[in-house]
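Accompanying notes for the structure given below.
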Amino acid sequence: MMNNGTRVVVTGMGAITPIGLNVEDFFNAVKKNEVGIDFITKFDASDYKAKLAAEVKGFDAREHMDFKSAKRMELFCQYAVAAAGEAIKDAGLDLEKEDAYRVGTSVGSGIGSLQAMEREHSKLLDRGPGRINPLLVPLMITNMAAGNVSIYYNLKGKSINVVTACATGTNSIGEAYRAIQCGEADVMIAGGTESSVTPIGIGGFAALTALSNSEDPKRASIPFDKDRDGFVMGEGAGIVVLESLEHAKARGAEIYAEIVGYGCTSDAYHITSPAEDGSGAARAMTNALEEAGIRPEDVDYINAHGTSTHHNDLFETRAIKLAFGEAAKNVKISSTKSMIGHLLGAAGAVEFITCVKSMQESYIHPNVGLQQSEEELDLDYVKGSGIQMPVNVCMSNSLGFGGHNATLLVKKYE
């Protein structure tokens with residue numbers, strides 16, 4: 001797809017993560033290589049194969065919204081509303097002065113509320129169908145993150161919930177970018193949110209053998225390491241404010257970065273494994289590069305999907321080699337999941353924020369915990385300490401169960 005001429009910029013960011021409850025704290029922790037992984041506290045996981053998760057710590061919904069609103073939201077929605085509030089404030093966006101029908105919402109969740117489902121299913125079994133909470137469905141369904149953000153901030157424009165498993169956050173931002181490009185909105189509040197550290201969430205992914213069985217928090221989420229054995233479940237939210245350049249300039253907004261490319265493909269291969277040759281993910285990357293008119297050698301940094309599973313890290317490496325050719329060996333690559341685990345539907349959104357911060361602060365974080373890669377994993381995966389260097393163009397990749405591939409290309413605003 002060629003750009004129709006409408007430039008789309010990032011003017012605000014908000015985050016709830018396992019290593020910080022706002023963007024500043026999150027990225028300061030990133031720069032210190034902090035790992036937000038520890039033993040699960042949300043339930044007794046002693047009988048579970050996977051015993052570690054990257055839980056959000058110290059979050060109190062009442063600090064971000066009124067008590068009545070918070071009570072009618074599950075955790076994944078609370079995270080989204082909190083992160084959206086930070087992003088809107090960060091953007092200096094006065095919603096009273098905006099046409100509410102020109103401000104849209106694109107906030108996705110991969111799973112919705114497993115907590116509500118588990119809680120009400122127990123009631124059903126113990127006390128019968130008459131005791132099920134009448135609000136179960138609107139508490140549980142994935143679109144309620146977008147719904148609650150829209151309701152809480154009175155955003156009356158296009159409101160969508162993209163669900164593409166682990167690619168959700170990236171697709172949500174990408175579809176918001178497209179909505180502004182196509183003239184459907186002037187402003188989009190976009191990103192992803194997730195809270196699935198529950199018995200069925202951990203048990204289900206562990207049964208799939210997708211989760212790490214490590215009991216060492218520093219050696220559990222280790223993307224691109226030869227000893228990687230699965231991902232670590234994380235939780236949180238990442239939300240950004242996107243605007244048309246014209247709208248941002250008209251209100252005198254500070255512009256953080258510009259989105260210049262978005263690519264999506266499907267592997268059409270397998271329900272959990274990426275295509276082994278990396279062809280699907282590679283095409284998403286090349287589509288984003290072509291839209292942006294950017295050459296592979298001009299990309300400074302790839303924030304990889306990098307889940308720390310054997311298949312993902314190997315096949316994503318193959319994809320980067322396919323898409324970048326000779327330039328693949330020169331681009332810096334790291335995965336934020338090495339610090340915050342895998343936030344599922346929120347992962348791509350928090351990683352997009354990481355890309356913007358990397359450009360702002362001229363800093364690329366390492367794959368924390370990476371010691372040694374196997375033979376075929378021979379690209380420049382940053383390890384040890386981070387790198388201070390000018391970062392002008394970043395790529396963020398997300399790959400989801402079902403074969404969903406999504407890539408965003410973001411660059412310094414000029």
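The figures here come from the full heavy-atom set of this structure, side chains too, leaving out hydrogens, waters and symmetry mates. One-based numbering along the sequence shown.
Judged purely by atom type and a 3.5 angstrom limit, R251 uses its side chain to pair as donor or acceptor with the backbone of G92. At least one donor-acceptor pair under 3.5 Å links the side chain of S373 to the backbone N or O of F224. In this structure a side-chain-to-backbone donor-acceptor pair under 3.5 Å is present from Y153 to G85. Listed for the D25 side chain is no donor-acceptor partner under 3.5 Å among the backbone atoms of L21. Looking at D300, its side chain does come within 3.5 Å of a backbone N or O of N392 through a donor-acceptor pair. Panel note: side chain K383, backbone Q371; a donor-acceptor pair is recorded below 3.5 Å. Proximity of a side-chain donor or acceptor of R228 to a complementary backbone N or O of T309 within less than 3.5 Å is detected. In this structure, the side chain of H305 engages the main chain of L399 through a donor-acceptor pair within 3.5 Å.
Using a cut-off of 4.0 Å between Lys/Arg side-chain N and Asp/Glu carboxylate O, E351 and K337 are scored as salt-bridged. Between K249 and E243 there is no salt bridge, since none of the side-chain N atoms of the basic residue sits less than 4.0 Å from a carboxylate O of the acidic one.
Between C77 atom SG and N143 atom CG the span is 8.5 Å, to the nearest 0.5 Å. One finds the OG atom of S150 at 12.0 Å from the CD1 atom of I160 (value rounded to the nearest 0.5 Å). Note: I141 CD1 to E74 CD = 12.0 Å, rounded to the nearest 0.5 Å. Considering CZ of R318 and OG of S279, their distance stands at 11.0 Å, rounded to 0.5 Å. Once rounded to the nearest 0.5 Å, the distance linking CG of N397 with OG1 of T407 reads 4.0 Å. Separating the CE atom in M13 from the CD1 atom in I353 is a distance of 6.5 Å, to the nearest 0.5 Å.
Residues E361 and Q388 come closest through the heavy atom pair O-NE2, 3.5 Å. Nearest heavy-atom pair, I37 versus L52, reported as atom, atom and distance to 0.1 Å: CG2-CB, 4.0 Å. For A80 against A145, the heavy-atom pair with the smallest separation is CB-CB, 4.2 Å. Heavy-atom minimum distance, D313 versus P223: OD2-CA, 3.3 Å. In this structure, A319 and G278 approach most closely via the heavy-atom pair CB-O, 3.2 Å. Closest of all the heavy-atom pairs between I40 and A53 is CG1-CB, 3.6 Å.
Shown here is Y101, whose OH atom has no more than 12 heavy atoms of other residues, nucleotides or ligands within 6.0 Å. Counting non-hydrogen atoms of neighbouring residues, nucleotides and ligands closer than 6.0 angstrom, the NZ atom of K57 exceeds 12 such neighbours. Atom NZ of K31 has more than 12 heavy atoms from other residues, nucleotides or ligands within 6.0 Å. Taking a 6.0 Å sphere around NZ of K321, one finds it holds more than 12 heavy atoms contributed by other residues, nucleotides or ligands. Within a 6.0 Å sphere centred on CD of E374, heavy atoms belonging to other residues, nucleotides or ligands number more than 12.
Under 3.5 Å, the side chains of N367 and S338 contain no donor-acceptor pair of N or O atoms. Side-chain contact, Y256 with D90: a donor N or O sits under 3.5 Å from an acceptor N or O. A donor atom on one side chain and an acceptor atom on the other are not found under 3.5 Å apart for S221 and H342. Between T354 and N303, the side chains place no donor N or O within less than 3.5 Å of an acceptor N or O (distance only, hydrogens not considered). Side-chain atoms of E175 and S106 form no donor-acceptor pair, as typed in the model, at a separation below 3.5 Å. For the residue pair N171/Y262, the side-chain donor-acceptor check at 3.5 Å is satisfied.
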- Checking salt bridge (Lys or Arg N to Asp or Glu O under 4.0 Å) for the pair E98/K156: CA distance, chi angles, key distance, verdict? CA-CA 11 Å; E98 298 293 332; K156 295 185 176 180; over 6 Å; no
- side chain to side chain contact (heavy atoms under 4.5 Å, CB included) between K411 and D298: does it pass, once the steps are laid out? CA-CA 10 Å; K411 72 174 200 176; D298 294 329; over 6 Å; no
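Evaluated for a side-chain contact (heavy atoms from CB on, under 4.5 Å) with L242, the options I259, D186, V9 yield exactly one hit, I259.
Under the 4.5 Å side-chain criterion, counting only non-hydrogen atoms from C-beta, C394 is not in contact with F352.
Partners of D60 under the salt bridge (Lys or Arg N to Asp or Glu O under 4.0 Å) rule, at least two apart in sequence or in another chain, are R62.
The aromatic rings of H64 and F59 lie parallel to each other, with less than 30° between the two planes, well short of the 60° mark.
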Atom pairs and distances, side-chain donor-acceptor, residues 204-214, under 3.5 Å, sequence neighbours left out:
unit_1, atom_1, unit_2, atom_2, d
S212, OG, S214, N, 3.1
S212, OG, D229, OD1, 2.6
S214, OG, D216, N, 3.0
S214, OG, D216, O, 3.3
S214, OG, R219, O, 3.4

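Applying the side chain to side chain donor-acceptor pair (under 3.5 Å) rule to pairs touching residues 187-199 yields S109-E194, Q115-S195, E118-T198, S195-E235, sequence neighbours excluded.
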